[in-house]
Amino acid sequence: MGGTWFLGKRIAEDALARGWEVATFNRGLSGRDVPGVETFRGDRTNITDLNRLAAQGPWDAAIDTSSSDLAPRDVLAAATALRPVVHRWVHISTVSVYQGWPHLSLTDDSPLLECPPDADESYGYTGADGSPTQYGFQKAGGERAVTEVFGDAAVFLRPGVILGPGEYVGRLPWWLERAKRGGRILAPAPAEQRIQPVDVRDVARFALTQATGSARGGFNVTHPDGISFRDFLEACLTETGGAGAPVWVDPSVLVEQGVKQWTELPLWRTHAGVWAVDSSRAVAAGLECRTIAETVRDTWRWWAADGRPVDHPRWAEHGIAPETEAKILASL
Ligand SMILES: NC(=O)c1ccc[n+]([C@@H]2O[C@H](COP(=O)([O-])OP(=O)(O)OC[C@H]3O[C@@H](n4cnc5c(N)ncnc54)[C@H](OP(=O)(O)O)[C@@H]3O)[C@@H](O)[C@H]2O)c1
């Protein structure tokens, strides 16, 4: 479900490389078909398209990467239409489904936000400090919808932040560009704060592991070791050859200066639990994560070879304007 964009594309490529037979279902609006897949076009919010897709089955597994903007009731409709022809469902969810994210340390068993499985797109809300999010409610309802239909034949992967070649959100590409520009770089203290982004290729591999497995329930998919913000920025500087010097600024100053968390300085957020997501269950079940320095290197190679702003509405949200950054640095 999906298969042409960021994570879905990697899953399709990896599955083909293993010699699997792969079909992708999407509207034909984002990205390109991966050569070698069987393609089905349709809108998954349209029941006629879903029934047409179901008539092409059966499949050993479905991997759902295309429900990021879908209401639970649409996830429910897709799962229901495909249940007779799909043996197992791997659902790509998010850590945003947890009541405690980003405030508390989390395990896979932490309580989820409450959302009915047949809720429409208006269900939920986003809190004043950006938590919880309506997205989190909707994804939690999507999980419930899949559970209702697939029961123990469903598994839920809950990544935090996914980075890597092809990233469309603009988080790592922005830091790479910023490092390349050099100079004094506004950086969020403490420099030793560990962050846990996970590489898109590792999420894809784990999704395929789960497609053939028999596990049930949820898996947090976050980097088990993480990397300090200092080492992350050092890796960006090394790869890009930038001669920049991070200036580590206390979070209270950044907040006071109105720096938007999560977007203006991507990957930075003050909440205590944002990078305290335990993925040991996934690691025990086969999640293997390359080092984040490798993700930085390969993303820079992709970006340097192919780099142009990705045509996605979220791209423009990311990164602080050079004049705002300079003003804050000058005020210190
Ligand atoms: N990126 C992150 O940091 C992050 C973090 C946590 C969780 N996640 C989750 O990871 C999953 C994968 O994200 P992604 O970035 O790889 O892909 P995505 O942007 O969520 O999905 C894109 C894919 O879905 C297809 N699609 C979208 N709407 C569709 C519709 N109505 N009918 C049929 N196909 C549709 C798109 O093709 P067409 O447009 O051509 O139809 C495309 O192939 C999502 O569920 C997201 O919530 C992402």
Side-chain angles (χ1 to χ4, degrees), residues 1-2 5-8 43-46 50 62-81 89-151 154-162 168-169 171 196-198 203 207 216-222 260-263 267 269-279 281-282 312-314 317:
M1 306 291 279
W5 195 228
F6 182 42
L7 176 59
D43 187 331
R44 57 178 292 172
T45 62
N46 179 317
L50 286 171
I63 303 180
D64 186 348
T65 65
S66 65
S67 63
S68 57
D69 299 323
L70 289 197
R73 69 175 178 191
D74 291 323
V75 177
L76 186 63
T80 305
W89 188 279
V90 179
H91 195 77
I92 309 299
S93 187
T94 163
V95 295
S96 299
V97 294
Y98 289 112
Q99 290 177 19
W101 194 83
H103 300 278
L104 307 174
S105 301
L106 296 172
T107 71
D108 319 87
D109 297 324
S110 298
L112 303 187
L113 293 167
E114 294 289 340
C115 178
D118 56 354
D120 69 18
E121 61 281 358
S122 66
Y123 194 92
Y125 61 91
T126 296
D129 75 340
S131 65
T133 57
Q134 186 157 26
Y135 167 69
F137 281 102
Q138 296 273 311
K139 291 288 277 192
E143 286 201 17
R144 279 193 59 192
V146 172
T147 303
E148 195 154 281
V149 178
F150 275 84
V155 72
F156 303 94
L157 309 193
R158 299 179 188 137
V161 166
I162 307 174
Y168 64 90
V169 179
R171 294 172 173 136
Q196 298 179 281
V198 64
V203 185
R216 50 191 280 274
F219 286 101
N220 294 336
V221 185
T222 52
K260 288 196 200 107
Q261 301 187 33
W262 215 229
T263 51
L267 308 176
R269 209 168 162 170
T270 50
H271 307 76
V274 64
W275 299 116
V277 183
D278 175 38
S279 57
R281 180 170 185 243
H312 193 279
R314 296 189 63 195
E317 287 173 21

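Because only heavy atoms are used, hydrogens play no part in the values below, and waters and symmetry mates are left out as well, while side chains stay in. These figures come from a predicted structure and were not determined experimentally.
Residues meeting the salt bridge (charged side-chain N to carboxylate O under 4.0 Å, His left out) test with Arg171, sequence neighbours left out: none. For Tyr98, the ring-ring contact (aromatic ring centres under 6.0 Å, His included) criterion is met by no residue, not counting sequence neighbours. Partners of Asp109 under the side-chain contact (heavy atoms from CB on, under 4.5 Å) rule, at least two apart in sequence or in another chain, are Thr107. Residues forming a side-chain contact (heavy atoms from CB on, under 4.5 Å) with Pro197 (at least two apart in sequence, or on another chain): Val161, Leu163, Ile195, Trp275, Ile292. Evaluation of the salt bridge (charged side-chain N to carboxylate O under 4.0 Å, His left out) rule for Asp74 yields no partner, not counting sequence neighbours. Partners of Arg73 by salt bridge (charged side-chain N to carboxylate O under 4.0 Å, His left out), not counting sequence neighbours, listed by chain and number: Glu121. Partners of Ala119 under the side-chain contact (heavy atoms from CB on, under 4.5 Å) rule, at least two apart in sequence or in another chain, are Pro72, Cys115, Pro116, Tyr123. Remark: Asp278 pairs with Ser280 by the side chain to side chain donor-acceptor pair (under 3.5 Å) rule, at least two apart or across chains. A search for side chain to side chain donor-acceptor pair (under 3.5 Å) contacts involving Ser96 returns Thr94, not counting sequence neighbours. In this structure, the ring-ring contact (aromatic ring centres under 6.0 Å, His included) partners of Phe150, at least two apart in sequence or on a different chain, are Trp89. By the side-chain contact (heavy atoms from CB on, under 4.5 Å) test, Arg269 is found to be paired with Trp101, Pro102, Ser131, Gln261, Trp262, His271, Val274, residues two or more places apart in sequence or in another chain being considered.
Asn220 contributes no side-chain N or O that, together with a main-chain N or O of Thr222, makes up a donor-acceptor pair within less than 3.5 Å. For the pair Gln196 (side chain) and Val277 (backbone), a donor-acceptor distance under 3.5 Å is present. Checking side-chain atoms of Ser105 against main-chain N and O of Gly273 turns up no donor-acceptor pair under 3.5 Å. Side-chain N or O atoms of Thr133 include one that pairs as donor or acceptor with a backbone N or O of Gly136 at under 3.5 Å.
Counting heavy atoms from C-beta on, the side chains of Leu70 and Gln138 never come closer than 4.5 Å.
Note that OG of Ser93 and CG of Asp64 are 10.0 Å apart. Values are rounded to the nearest 0.5 Å. How far CG of Leu157 is from CD1 of Ile162: 9.5 Å, rounded to the nearest 0.5 Å.
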| query | Do Val97 and Leu113 pass the side-chain contact (heavy atoms from CB on, under 4.5 Å) test, and can you show the C-alpha distance, the side-chain angles, and the key distance before you say yes or no? | reply | CA-CA 6 Å; Val97 294; Leu113 293 167; 5.7 Å; no
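Contact between Ala276 and Ala272 at its shortest, heavy atoms only, is CB-O, 4.2 Å. Minimum heavy-atom separation, Gly217 to Arg281: C-NH1, 4.1 Å. Listed here is the closest heavy atom pair of Phe137 and Pro132: CE1-CG, 3.7 Å. Closest heavy-atom contact between Val203 and Pro159: CG1-CG, 4.5 Å.
The aromatic rings of Trp5 and Tyr168 are tilted relative to each other, their planes meeting at an angle between 30° and 60°.
Residue pairs that meet the salt bridge (Lys or Arg N to Asp or Glu O under 4.0 Å) test with at least one member in residues 129-148, sequence neighbours left out, are Glu143-Arg158.
Other residues, nucleotides and ligands place no more than 12 heavy atoms under 6.0 Å from the CZ atom of Arg216.
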